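Note that this is a predicted model, so its numbers are computed, not measured. Only this structure's heavy atoms are used, side chains among them; waters, hydrogens and symmetry mates stay out.
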Amino acid sequence: MTEEKKKRLKGFAGVVSKQIEPLNTIEKFKEDFKDKELKILLNAKDGKYAALLVIDHGKVYVEGIENSPKENISKKNAGWDGLLQTKTQTFVDLLGGEGISMGSIILKILTFRIKIRGIKNVLVLMQLFEYE
């Protein structure tokens, strides 16, 4: 936490933060990601806030971004390296970890239920869930 008071995350960003930020206490995570800088935007299309997941040299944190107007979540404005966009229920299924497999994700992509940009960077999410 910095000198200024930590801003409370709202909506979907708050949920993602509670799932991801405990990784900061795991030494293996810090070691594995010590040389990486990465920003992944997780956008729940039916919510008000998107979550910008930032991995910065072994630390991970989440920033909340209002997802309307659409320009707020553009690559130019948000500066993301990867984008994962779908409905909230699909994110809940993915974050819950039950039944998550590469095959189920590919099926959702092919049926246009998940939109991915920068797939190499988005696949880092699969690595993050191995630590829990």
Enter the distance from [X]:[atom1] to [Y]:[atom2] here, rounded to the nearest 0.5 Å.
X   : Y   : atom1 : atom2 : answer
L53 : D81 : CG    : CG    : 11.0 Å
E63 : K39 : CD    : NZ    : 6.5 Å
F29 : K59 : CZ    : NZ    : 11.0 Å

Inter- and intrachain pairs under salt bridge (charged side-chain N to carboxylate O under 4.0 Å, His left out), touching residues 23-35, at least two apart
E27-K30, K28-D32, E31-K34

side-chain contact (heavy atoms from CB on, under 4.5 Å) filter on I116, not counting sequence neighbours, yields L84, I109, I114, I119, V122

For T111, all residues meeting side-chain contact (heavy atoms from CB on, under 4.5 Å), sequence neighbours excluded
L107, R113

May I ask you to list the residues sharing a hydrophobic cluster with Y49, side-chain cutoff 4.5 Å, ordered by chain and number?
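Other cluster members: none.
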
Non-hydrogen atoms of [X] and [Y] that approach each other most closely:
X   : Y   : value
L52 : I65 : CB-CD1, 3.9 Å
L41 : A50 : CD1-CB, 3.9 Å
A13 : A51 : CA-CB, 3.7 Å
S17 : P22 : O-CD, 4.1 Å

I'd like to know if Y61 and I26 are part of one continuous hydrophobic network [Ile/Leu/Val/Met/Phe/Trp/Tyr, side-chain heavy atoms within less than 4.5 Å].
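No.
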
Hey, any chance V16 and L128 share a hydrophobic cluster, counting ILVMFWY side chains that come within less than 4.5 Å of each other, even indirectly?
yes

Pairwise side-chain contact, L38 with F33, heavy-atom cut-off 4.5 Å (strictly under)
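The answer is no; the side chains never approach within 4.5 Å.
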
Is there a side-chain contact between V54 and V62, using heavy atoms and a 4.5 Å cut-off?
no

Restricting to side chain to side chain donor-acceptor pair (under 3.5 Å), what partner residues turn up for E37, sequence neighbours left out?
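Residues passing side chain to side chain donor-acceptor pair (under 3.5 Å) with E37: H57.
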
Is there a donor-acceptor contact under 3.5 Å from the side chain of D46 to the main chain of K87?
no

Side-chain donor/acceptor of W80 to backbone N/O of I73, under 3.5 Å:
yes

Quick check on K18: does its NZ atom have over 12 non-hydrogen neighbours (other residues, nucleotides or ligands) under 6.0 Å away?
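Atom NZ in K18 is not packed in, count stays at 12 or less.
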
Determine which pairs satisfy side chain to side chain donor-acceptor pair (under 3.5 Å) with at least one residue from residues 64-73, sequence neighbours left out, and list them in order.
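Counting only pairs at least two positions apart or across chains, the side chain to side chain donor-acceptor pair (under 3.5 Å) contacts touching residues 64-73 are N43-N67.
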
What verdict does the side chain to side chain contact (heavy atoms under 4.5 Å, CB included) test give for L83 and N121, after you've listed the backbone C-alpha separation in whole Å, the side-chain angles of each residue and the deciding distance to 0.1 Å?
CA-CA 8 Å; L83 166 75; N121 296 319; over 6 Å; no

